[in-house]
Each structure stands twice: as structure tokens, then as C-alpha cells.
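Inspection log for the structure reproduced underneath, given as C-alpha cells.
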Amino acid sequence: MGWIMTIIVGGIVGWLASILMKTNAQMGLLANILVGIIGSAIGFWIAGMLGLAAMGGFARFIVAIAGAALLILILQKLGVFKKS
């Protein structure tokens, strides 16, 4: 059940980050899920390195979206996604 929730939340986080970064038209369901899951991990890792602990569900959701947006930015710089 944990994997199913990870996929669902990762998809939502990736989708919201793709809207924020204006790459939504270029990303499909699988890309949204992967960016959401990997980006969330990056966001929580960076927050931990900065000594910031996201307490509460809403704060954790914001950190996850910020991490996914950062991953999209990195992928844009590498030429994977083009900014619309």
C-alpha cells in the first residue's frame, strides 16, 4: 500500500511542479510520477542539509513541490524539457 501512495502523491507533486515550471504540456503521467518522487527526495535532502525540518503535512507537501520544481529546472538546463 505504501508504494501505491508514493506513486499517487508523486504524480500529484510532479504535476503541480510541472504546472509551476510551465512544462506541463511536455510531461506525461510517467514523467510526472518520476519527477515527483525523485524531486521530493531531493527537496527533503536539501532541507535536511540546511537544517530545516518540514513539520506537518502542508509543509512537507511544499518542500516536495519545491524539490520537484528544482529537478525540472535542472532537467531544463540539461535540455530534457524546454521552457514554454
Side-chain angles (χ1 to χ4, degrees):
M1 188 66 171
W3 283 105
I4 294 172
M5 287 305 294
T6 300
I7 291 170
I8 292 170
V9 173
I12 293 169
V13 166
W15 174 65
L16 291 173
S18 70
I19 291 172
L20 181 69
M21 298 301 290
K22 299 186 182 1
T23 59
N24 192 32
Q26 301 171 39
M27 295 176 62
L29 178 64
L30 184 59
N32 281 334
I33 292 170
L34 291 175
V35 165
I37 293 170
I38 296 168
S40 295
I42 291 170
F44 287 114
W45 177 73
I46 291 173
M49 294 294 286
L50 295 173
L52 302 172
M55 298 293 198
F58 184 73
R60 294 179 62 84
F61 197 65
I62 296 301
V63 169
I65 293 172
L70 176 64
L71 179 59
I72 291 173
L73 179 69
I74 292 168
L75 292 173
Q76 282 178 337
K77 297 298 179 189
L78 293 174
V80 176
F81 296 121
K82 308 254 186 294
K83 189 170 183 177
S84 302

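Reckoned from all heavy atoms, side chains included, excluding hydrogens, waters and symmetry mates.
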In the single-linkage hydrophobic clustering (I, L, V, M, F, W, Y; side-chain heavy atoms under 4.5 Å), do [X] and [Y] co-cluster?
{"X": "Met55", "Y": "Leu52", "answer": "no"}
{"X": "Leu29", "Y": "Met5", "answer": "no"}
{"X": "Ile12", "Y": "Ile4", "answer": "yes"}
{"X": "Val80", "Y": "Ile74", "answer": "yes"}

Rounded at 0.5 Å granularity, tell me how far CE in Met21 sits from CG in Leu16.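 Met21 CE to Leu16 CG: 13.5 Å, rounded to 0.5 Å.
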As an exercise, state the distance from CG of Leu78 to CG of Leu73, rounded to the nearest 0.5 Å. 9.5 Å
When Ile, Leu, Val, Met, Phe, Trp and Tyr are grouped by side-chain heavy atoms lying under 4.5 Å apart, directly or through other members, which residues fall in the same group as Phe58?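 Its cluster mates, by chain and number, are Ile62.
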Which atom names give the shortest non-hydrogen contact between Val13 and Ala68, and what distance separates them?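 The answer is CG1-CB, 3.9 Å.
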Distance-minimising heavy-atom pair for Ser18 and Met27: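 Looking at all heavy atoms of both residues, the shortest contact is CB-SD, 3.4 Å.
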Solution key, residues 32-51 side-chain donor-acceptor pairs under 3.5 Å, sequence neighbours excluded:
{"residue": "Asn32", "atom": "ND2", "partner": "Gly28", "partner atom": "O", "Å": "3.4"}
{"residue": "Ser40", "atom": "OG", "partner": "Gly36", "partner atom": "O", "Å": "2.6"}

